[in-house]
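The block underneath contains the structure these notes are about, expressed in structure tokens.
Everything numeric here is computed off the predicted structure, so don't read it as measured data. Chain naming here is simple, since letters A, B, ... match the order of the sequence lines and numbering starts at 1 in each.
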Number of protein chains: 2
Amino acid sequence: MSQSTDKIEDLIALMARLPGLGPRSARRAVLHLIRKRGILLAPLADTLQEVAATARECLNCGNVGTSDICDICEDARRANGILCVVEDVADLWAMERAGVFKGRYHVLGGTLSALDGVGPDELRIPQLVTRVQAEEITEVILALNATIDGQTTVHYIADQLENRVELTSLAQGVPIGGELDYLDDGTITAAMNARKKL
Amino acid sequence: MSQSTDKIEDLIALMARLPGLGPRSARRAVLHLIRKRGILLAPLADTLQEVAATARECLNCGNVGTSDICDICEDARRANGILCVVEDVADLWAMERAGVFKGRYHVLGGTLSALDGVGPDELRIPQLVTRVQAEEITEVILALNATIDGQTTVHYIADQLENRVELTSLAQGVPIGGELDYLDDGTITAAMNARKKL
């Protein structure tokens, strides 16, 4: 577009790459930002700069945060000995919004997928096996999505950890084909409370 | 959310204030940014920082750009003597995408609205009257949205400029109640080509 300068065009192109925004909504968002440049654009630029400089994955569990070990792993008030395994950070956040789980997490970073060539070593499965021993875990809750790949991953992890630890999975309430991040808090709570032994 | 640190929460809250994003899509966008922090988050932070430092409204026409006088006002290849008046910058961008107009623009920054207390001095109407004289304008195209407030503004400007300049408005093709930024290029071109005298 000849009517705006290069940097504004660059910004529109970058914003259009965010999930949920296309070229048109990116243009609207950028105009909105420029109109509110004092109260929105400047704080957003500063905050993005800080997050870009500090955001990283927790070395222990894979959650995102701004230090090497995340707030949940550092939190002394949370229960040790019980691990909740989730596919990705969005699922961890969904669990936290439900507020029903007070133990520790382990974020796999995806699911096993023959089609996409994702094997156990592409996920944090070896680290999970190590943590179960090192942290004296007694229960592992496999809170993966109720999809084919999610359930394949559940079975693979169950094989790896069999006889070492009690394995449970979210049960009642997770709809077939559903994804955790889209569930309401009540459904997540029901599924957590009714978790069953594998 | 206790699971992420303050800066990430701040970023989600700021992103949720963009048009088209809510709290959930802001969370997804931020996670996406953190996952792609090398190729997307860092460039976006840098670009936002630059735009925040340089974006401003053109002193002449009200378009946004990164210098005091915008690229369109500076462009020697565009026709002088013909002004296209639009409500806001999104409308100017829509006109430019259609590519049918090669003159200069004047961005009002809104429409007259008794309900919202917007009078002529809140818009760039006095500057428009000044420009018409100073730049020896022969035609003013009033390309405002086909809404009540848009048409009220057309009539007010027509009164101000009567007998000084030829006044035209976009005609055929603009649907009743429609807004320029949502029209396809073909409709805008048809409306521009069939513009009629007031």
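In this structure the side chain of B:Leu48 reaches within 4.5 angstrom of the side chain of A:Leu33, judged on heavy atoms. In this structure, the side chains of A:Val64 and B:Val30 stay at 4.5 Å or more apart for every pair of heavy atoms.
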Evaluate A:Leu40 against B:Leu18 for side chain to side chain contact (heavy atoms under 4.5 Å, CB included), listing each step before the verdict. CA-CA 9 Å; A:Leu40 187 55; B:Leu18 292 177; 4.3 Å; yes
Side chain to side chain contact (heavy atoms under 4.5 Å, CB included) between A:Leu44 and B:Leu11: does it pass, once the steps are laid out? CA-CA 7 Å; A:Leu44 181 60; B:Leu11 181 56; 3.6 Å; yes
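Using a 4.5 Å cut-off between heavy atoms, B:Glu50 touches chain A through its side chain atoms alone. Heavy atoms closer than 4.5 Å to chain A are found in both the backbone and the side chain of B:Asp46.
How far CD1 of B:Ile39 is from CZ of A:Arg17: 5.5 Å, rounded to the nearest 0.5 Å. Expressed to the nearest 0.5 Å, how far OG1 of B:Thr47 lies from CG of A:Asp6 amounts to 11.0 Å. Note that CD1 of A:Ile12 is 4.0 Å distant from CH2 of B:Trp93, once rounded to the nearest 0.5 Å. With values rounded to the nearest 0.5 angstrom, B:Asp71 atom CG is found 8.5 Å from A:Ile8 atom CD1.
Considering all non-hydrogen atoms of both residues, A:Arg28 and B:Pro19 come closest at O-CG, 3.9 Å. Across every non-hydrogen atom of A:Lys7 and B:Val51, the tightest pair is O-CG2, 3.8 Å. In terms of heavy-atom proximity, A:Arg56 sits nearest to B:Arg37 at CA-NH2, 4.0 Å.
Contact count versus chain B (heavy atoms, under 4.5 Å) is highest, among A:Glu57, A:Arg35, A:Met95, A:Arg24, for A:Arg24. Ranked by heavy-atom pairs shorter than 4.5 Å toward chain A, the options B:Ala45, B:Ser25, B:Ala29 are led by B:Ala45. For the set A:Ala42, A:Ala52, A:Gly38, the count of heavy-atom pairs under 4.5 angstrom toward chain B peaks at A:Ala52.
For A:Ile148, the CD1 atom sits in a loose shell: 12 or fewer heavy atoms of surrounding residues, nucleotides or ligands are nearer than 6.0 Å.
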